Protein chains: 2
Amino acid sequence: MTGSATVPRTAEELRAAILERYDTFSKRLQQIARFVLDHPDDLALETLAVVAERSGVQPSAIVRFAKALGYSGAMPMQRLLRDGLLANHTALGYGERVRQFNAALDTQAGAGDDGELLAEFVDRDTLALENLRQTMTKAEVARAVKLIDQAQTLYIMGFRRAFPVASYLAYSFQQVGKRTVFVDGVGGLTRQQIGAIGESDLLIAVSYHPYAEETVHAVEGAVSAGAKVLTITDSLVSPMAKMAAQVLQVRESEVRGFRSLAASLCLAQTLVISLAFERERAGARNASRPRRRKA
Amino acid sequence: MTGSATVPRTAEELRAAILERYDTFSKRLQQIARFVLDHPDDLALETLAVVAERSGVQPSAIVRFAKALGYSGAMPMQRLLRDGLLANHTALGYGERVRQFNAALDTQAGAGDDGELLAEFVDRDTLALENLRQTMTKAEVARAVKLIDQAQTLYIMGFRRAFPVASYLAYSFQQVGKRTVFVDGVGGLTRQQIGAIGESDLLIAVSYHPYAEETVHAVEGAVSAGAKVLTITDSLVSPMAKMAAQVLQVRESEVRGFRSLAASLCLAQTLVISLAFERERAGARNASRPRRRKA
DNA sequence: GATAGAATGGAACGTATATTCCACGTTCTA
DNA sequence: TAGAACGTGGAATATACGTTCCATTCTATC
């Protein structure tokens, strides 16, 4: 059953072999191949049953996968990955000292070197996320979710820097079955897109300083049409804040003039999934279809 | 059974507990204690039988040792060390901590998710960011920035879930003065938007599983037109990976089918600002206007 | 030096795990 | 469209593992 003359003997060889033979695999085998490439640690450390459940396949399929690569079973492949893991770990330092090494690494971030730029952004975004956790209360999130849930139709808008957040919200809310209109302003049709908003609808407006004119006007229009407004913004005194039924304030990290969106997207994700849970809990209607875990 | 009131809950606590109680142990137990302190990785990764053989004791003695420390058996202690091992090697700890997170989420699924959801997403995204720092090398970023810098015109595309990332990239690159075309697919004009791509141009394609057809086709078209392709994706075997001049792999956190974008956006931000620095360093031309460094 | 108590080694046990096997479903081919 | 080859899911099986138990050995105390 060995499909190849040579069996991979190191973690790197295994990786290369999978990439090389990926196209010849069946659909399910490709699924496993992706999981192995993307989460090698899981396969190395967890039991087959856990790996199977996590990757959404049967344990037997994993054994088949290993055999397709020339091993006698799944276990030799696991051992390979495990050994590689240990080798990497010990290469970094001796057991206990690795922790100190990491601690030292954490403290030195912040210097202006170009090579460490990624590390710096990671730190900043991490801080922004931590700040979000501390400042955003459960009550605020719960209230926002309630507003969203009660809305007949959801209108979402956000331009310029806020556009990625708005598009993420629009896409995700549609995914969970919420009736959503994405006001993207294509063709200068912003007014028309939002024109039909009514009393039972909700506008989610995402906007950061300097606040886009179109968004401010749209909020005004929505309020005068009797609709409620939920604002995700960076300041409680932003032009939208006074008109909004609720303001979710997000403080993003800023590095040399460029602001991140990590905290905003984390909040957006929370809103979407909280809504999905809320609906699920409310008693699974036919209309709503929150994602279920695979059986 | 439990020799002490408190049972060590982390690798560090375990280490401290062993040191503290070392003198009270019997000869054989001291032998095991030394082995655990000197070779924690072995105990974490190997089976009990292997550890026993390697340390020159009986498996039952190791179980006794664990019980002397207050555990119900050797396995809980092993898990502790394994978790600690992974925590040091954060790129690996990602998988394990996600597992714990999933376990916690499963136990309270349906009812207990009152409002801690935000905190959990913060954790998730923080982990994803940390993982990004560990796995993405400077060389990879530098090479990507070089590709971007050398491109005459930048084409950026990404649909569905990747759309927020693509729109962020497009917006930001335009902000730093890079000639950029955002292939947004409005009006079904994807082909036309990307039709003019040439040999000296670069296409940045953002795509996650399941990969949007339009993006795959666009990458094919770009390659056959002689353009280079930079892919930001979640798997090295994604349809675009083979055709791309470079692949930047990003592992995002995932909850019940909903993936975050925190890591992707952090990477995107890094690329943009790295480009700005690169240009600034190259000798501030008139055309380019990168943001100034902080005062 | 004798005896009580603890500690130890190794076999026996139950459990959890990887693997195998087969009926069923799916996808090409004639 | 019918048939065959292949792929797949899940139960059945064999194996390996952690744990327990008890006879024996060691150690401390009188």
Side-chain angles (χ1 to χ4, degrees), chain A residues 1-4 7 14 18 21-36 39-40 42-83 292-295, chain B residues 1-4 7 14 18 21-36 39-40 42-83 99 103:
Chain A
M1 274 298 176
T2 67
S4 178
V7 178
L14 173 63
I18 294 175
R21 306 189 47 201
Y22 181 79
D23 292 326
T24 70
F25 288 152
S26 71
K27 200 168 61 179
R28 188 50 45 100
L29 253 45
Q30 286 184 347
Q31 178 184 350
I32 298 170
R34 282 195 302 274
F35 186 87
V36 174
H39 312 279
D42 283 22
L43 184 56
L45 293 175
E46 305 293 340
T47 69
L48 262 199
V50 172
V51 174
E53 194 264 339
R54 199 170 296 175
S55 61
V57 302
Q58 293 289 330
S60 52
I62 299 176
V63 175
R64 266 197 294 273
F65 175 77
K67 291 197 170 183
L69 282 152
Y71 299 101
S72 64
M75 220 162 186
M77 186 172 67
Q78 266 190 307
R79 167 150 302 176
L80 208 69
L81 287 169
R82 180 173 302 182
D83 291 351
R292 308 232 54 193
R293 306 195 87 196
K294 39 200 159 195
Chain B
M1 288 286 185
T2 66
S4 177
V7 178
L14 174 63
I18 293 175
R21 307 187 47 202
Y22 182 79
D23 293 329
T24 71
F25 288 151
S26 70
K27 199 170 63 177
R28 190 50 48 98
L29 253 44
Q30 287 184 348
Q31 178 185 351
I32 297 172
R34 281 196 302 275
F35 186 86
V36 173
H39 312 280
D42 283 21
L43 184 54
L45 293 175
E46 305 293 339
T47 70
L48 259 201
V50 172
V51 175
E53 195 263 337
R54 204 168 290 180
S55 61
V57 301
Q58 290 292 328
S60 54
I62 299 176
V63 174
R64 266 198 293 272
F65 176 77
K67 289 196 171 181
L69 282 152
Y71 299 101
S72 64
M75 218 162 185
M77 186 174 67
Q78 264 192 308
R79 168 153 299 178
L80 207 69
L81 286 169
R82 177 174 302 183
D83 292 352
R99 189 186 65 75

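Please read all numbers here as calculations on a predicted model, not as lab measurements. Basis for what follows: all heavy atoms, side chains included, without hydrogens, waters or symmetry-related copies. Per chain, numbering begins at 1; letters A, B, ... match sequence-line order.
Here C:dG10 presents its P atom at 13 Å from CD of B:Glu53, a figure rounded to the nearest Å. Distance B:Lys67 NZ to D:dC21 C1': 11 Å, rounded to the nearest Å. D:dA16 atom C1' lies 13 Å from atom CG of A:Leu48, rounded to whole Å. When rounded to the nearest whole Å, the span between CD of A:Glu46 and P of C:dT17 equals 11 Å. Between the CE atom of B:Met77 and the C1' atom of D:dG18 there is a distance of 12 Å, given to the nearest Å. Atoms CZ (A:Arg79) and P (C:dT19) sit 11 Å apart, rounded to a whole Å. B:Met75 has its CE atom 19 Å from the P atom of C:dG14, to the nearest Å.
At distances below 3.5 Å, at least one donor-acceptor pair connects side-chain atoms of B:Arg21 with backbone N or O atoms of B:Ala68. Of the possible donor and acceptor atoms, none in the side chain of A:Gln58 sits under 3.5 Å from a partner among the backbone N and O of A:Glu53. Within the 3.5 Å criterion, the main-chain N or O of B:Ala52 finds no donor-acceptor partner in the side chain of B:Glu46. Judged by distance alone, the side chain of B:Gln78 and the main-chain N or O of B:Thr47 form no donor-acceptor pair under 3.5 Å.
We find the OH-CG distance between A:Tyr71 and A:Leu80 to be 4.5 Å, quoted to the nearest 0.5 Å.
For B:Gln78, counting side-chain heavy atoms from C-beta on, the closest listed nucleotide (D:dT20, D:dG18, C:dA18) is D:dG18.
Considering only heavy atoms from C-beta on, A:Leu45 stays 4.5 Å or farther from A:Leu81 through its side chain.
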Nucleic acid footprint by protein, nucleotides 5-10 of chain D - heavy-atom cut-off 4.0 Å, B for base, S for sugar-phosphate alone: --SBBB

